[in-house]
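Naming: A, B, ... by sequence-line order, numbering from 1 per chain.
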There are 2 protein chains.
Amino acid sequence: MPQKRILPYVIMGILLNKDCTGKQIMDEFRFDIGEFWQSSHSQVYPELKRMEQDRWIESYSKEDNDKEIHYHLTAYGHEIINDWLMEPVDKLPVSKDLFSLKTFFINDRNDPRLERLFKHQIQLVSHSLNHLRKRQQALFSSQEQIDQQYGHYLILARAISRQENQLAWLEDKLNNR
Amino acid sequence: MPQKRILPYVIMGILLNKDCTGKQIMDEFRFDIGEFWQSSHSQVYPELKRMEQDRWIESYSKEDNDKEIHYHLTAYGHEIINDWLMEPVDKLPVSKDLFSLKTFFINDRNDPRLERLFKHQIQLVSHSLNHLRKRQQALFSSQEQIDQQYGHYLILARAISRQENQLAWLEDKLNNR
DNA sequence: ATGTGCATGTAATGGGTTACATGATTTA
DNA sequence: TAAATCATGTAACCCATTACATGCACAT
């Protein structure tokens with residue numbers, strides 16, 4: 001038995017906001033959810049079909065364009081996703097963090113690979129931070145926008161705080177070696 | 001084609017420090033590496049056999065006890081792991097973070113589920129932080145211990161800093177809703 | 001000797017990634 | 001009209017997780 005299946009809940013969470021096509025769901029993953037969850041279209045499209053069979057969602061197409069299939073949460077789907085959002089999270093995630101892993105194995109504080117690792121990581125984190133801040137400016141520059149999608153605002157702020165913390169830590173340790 | 005296989009490198013990283021049995025390697029996962037990488041014995045034992053066939057490691061048993069199989073890095077294995085430690089990490093990990101995911105989907109800042117989620121998360125993070133601090137005291141209370149395993153010291157400090165940051169953030173947002 | 005626990009090993013299942021495929025739409 | 005791009009769909013491969021199995025050790 002594999003790990004617990006989360007993808008359908010993610011998809012229903014997305015559909016809480018608005019009806020979507022498969023493409024639009026994938027865009028959500030690419031732009032907003034990618035920071036803390038990821039998937040690929042080869043998982044999403046079959047999942048959408050399964051979910052429709054289970055009556056969690058239903059599909060329709062607009063008159064002028066019967067190519068695009070839009071998906072819509074059913075009342076039953078609403079129940080399911082709302083129940084799921086109620087359940088508290090019961091353990092912290094373990095990210096598979098190659099940076100920590102490699103650092104862990106280097107015992108000598110003067111090993112040149114340590115400096116290399118840190119400098120690369122600083123590049124990565126800076127780049128990510130930049131992107132997150134731009135995203136925050138674009139989406140949440142007004143209080144109204146914040147109130148509209150408060151959860152989204154929160155996790156974006158959280159991601160920024162986390163990366164700021166990591167960057168400060170990296171630079172501190174790099175300088176005080 | 002699946003994601004890049006990391007487990008053998010983790011095992012070799014562990015073996016850099018000392019020869020180990022399968023059990024000892026699993027203990028490393030449980031106690032020190034578990035924060036940023038995890039595995040299970042049903043992965044590790046077959047992996048050890050594969051690695052021995054590839055001549056990355058070799059096994060031996062002590063005279064008084066031929067039940068316990070100890071594994072030891074070969075010279076070839078040393079090359080492989082050292083090369084791997086040299087390669088910089090080229091992307092940030094994406095942790096599958098259910099807390100962020102659920103929060104993301106809650107639009108209303110007064111939704112009672114938000115408070116529930118935050119309070120539970122505060123419990124989880126506090127608990128983890130406690131554990132990490134105890135571990136730091138136990139392992140790195142002297143400068144000598146720090147110099148002995150500097151990488152290990154670093155990532156433990158990093159884990160603590162990250163959890164402190166998360167805890168402060170959670171409490172701040174919970175209070176200023 | 002029997003039961004319990006532990007180290008080790010194996011099997012079954014399904015999830016996730018990558019590659020490949022198809023049909024439609026846009027562009028050169 | 002050919003080529004390229006895009007949305008969608010399918011397939012193969014292998015990793016990761018859980019459950020089950022084995023054999024030894026120690027305790028009762």
Side-chain angles (χ1 to χ4, degrees), chain A residues 1-11 14-15 19-31 33-34 36-54 57 59-62 64-71 90-98 101, chain B residues 1-11 14-15 19-31 33-34 36-54 57 59-62 64-71 90-98 101:
Chain A
M1 286 100 205
Q3 65 222 37
K4 181 151 178 13
R5 186 163 190 72
I6 307 293
L7 182 58
Y9 299 98
V10 186
I11 292 176
I14 293 170
L15 292 177
D19 294 358
C20 286
T21 65
K23 170 60 163 54
Q24 289 173 308
I25 287 171
M26 284 313 300
D27 285 344
E28 288 287 321
F29 275 103
R30 245 188 295 284
F31 298 126
I33 297 183
F36 49 90
W37 207 271
Q38 50 189 16
S39 192
S40 53
H41 77 267
S42 57
Q43 282 181 282
V44 167
Y45 287 110
E47 186 64 49
L48 284 168
K49 300 208 177 297
R50 233 173 304 168
M51 292 168 71
E52 189 172 18
Q53 285 192 339
D54 292 345
I57 58 178
S59 65
Y60 63 93
S61 42
K62 307 202 166 158
D64 54 336
N65 185 352
D66 52 344
K67 302 292 153 30
E68 284 187 330
I69 300 175
H70 294 252
Y71 289 95
D90 67 339
K91 55 176 186 262
L92 293 176
V94 176
S95 73
K96 301 236 160 180
D97 181 354
L98 282 176
L101 194 59
Chain B
M1 288 90 217
Q3 65 223 36
K4 182 151 177 14
R5 185 162 191 72
I6 307 294
L7 182 58
Y9 299 98
V10 186
I11 292 177
I14 293 170
L15 292 177
D19 294 357
C20 286
T21 66
K23 169 62 162 54
Q24 289 174 309
I25 287 171
M26 284 313 300
D27 285 344
E28 287 288 319
F29 276 104
R30 245 187 296 285
F31 298 127
I33 297 183
F36 48 90
W37 206 273
Q38 51 190 15
S39 191
S40 54
H41 77 267
S42 57
Q43 283 181 281
V44 167
Y45 287 110
E47 187 63 48
L48 284 168
K49 301 207 177 300
R50 233 173 305 168
M51 292 167 72
E52 189 172 18
Q53 285 192 339
D54 293 346
I57 59 177
S59 64
Y60 63 93
S61 41
K62 308 202 166 159
D64 56 335
N65 185 351
D66 52 345
K67 301 293 153 29
E68 284 187 330
I69 300 175
H70 294 253
Y71 290 96
D90 68 338
K91 56 175 186 263
L92 294 176
V94 176
S95 73
K96 301 235 159 181
D97 180 355
L98 283 175
L101 194 58

List the atom of B:Glu68, the atom of B:Ser61, and the distance in Å for their closest heavy-atom pair. O-CB, 3.3 Å
Between B:Trp37 and A:Val94, which heavy-atom pair has the shortest distance, and what is it?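 Scanning both residues, the minimum pair turns out to be N-CG1, 3.9 Å.
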Given 3.5 Å as the limit, does a donor-acceptor pair link the side chain of A:Gln24 with the main chain of A:Thr21, or not?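 Yes, because the side chain of A:Gln24 sits within donor-acceptor range (under 3.5 Å) of the backbone of A:Thr21.
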Any donor-acceptor pair under 3.5 Å from A:Glu52 side chain to A:Ser59 backbone: yes
Below the 4.0 Å mark, does [N] have OP1 or OP2 next to a side-chain nitrogen or oxygen of [X]?
| X | N | value |
| --- | --- | --- |
| B:Lys49 | C:dG9 | yes |
| A:Gln43 | C:dG15 | no |
| B:Arg5 | D:dC15 | yes |

d([atom1], [X]; [atom2], [N]) in whole Å:
| X | N | atom1 | atom2 | result |
| --- | --- | --- | --- | --- |
| B:Tyr71 | C:dT8 | OH | P | 9 Å |
| A:Phe29 | D:dT8 | CZ | P | 14 Å |
| A:His41 | C:dG16 | NE2 | C1' | 13 Å |
| A:Met26 | D:dT8 | CE | C1' | 11 Å |
| A:Ile69 | D:dT8 | CD1 | P | 8 Å |
| B:Lys96 | D:dT17 | NZ | C1' | 15 Å |
| B:Leu48 | C:dG9 | CG | P | 8 Å |
| B:Ile11 | D:dA16 | CD1 | P | 11 Å |

On DNA chain D, check which nucleotide each of B:Ser42 and B:Arg50 is closest to and give me the residue with the more 5' one.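 Closest to the 5' end, via its nearest nucleotide, is B:Arg50.
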Minimum-distance nucleotide to B:Tyr45 side chain [options: D:dT8, C:dT8, D:dA16]: C:dT8
Of the nucleotides D:dT10, C:dT17, D:dT8, which one has an atom closest to the side chain of A:Lys23?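 The answer is D:dT8, which lies nearest to the side chain.
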B:Val44 and B:Glu47, any side-chain heavy atoms less than 4.5 Å apart: no
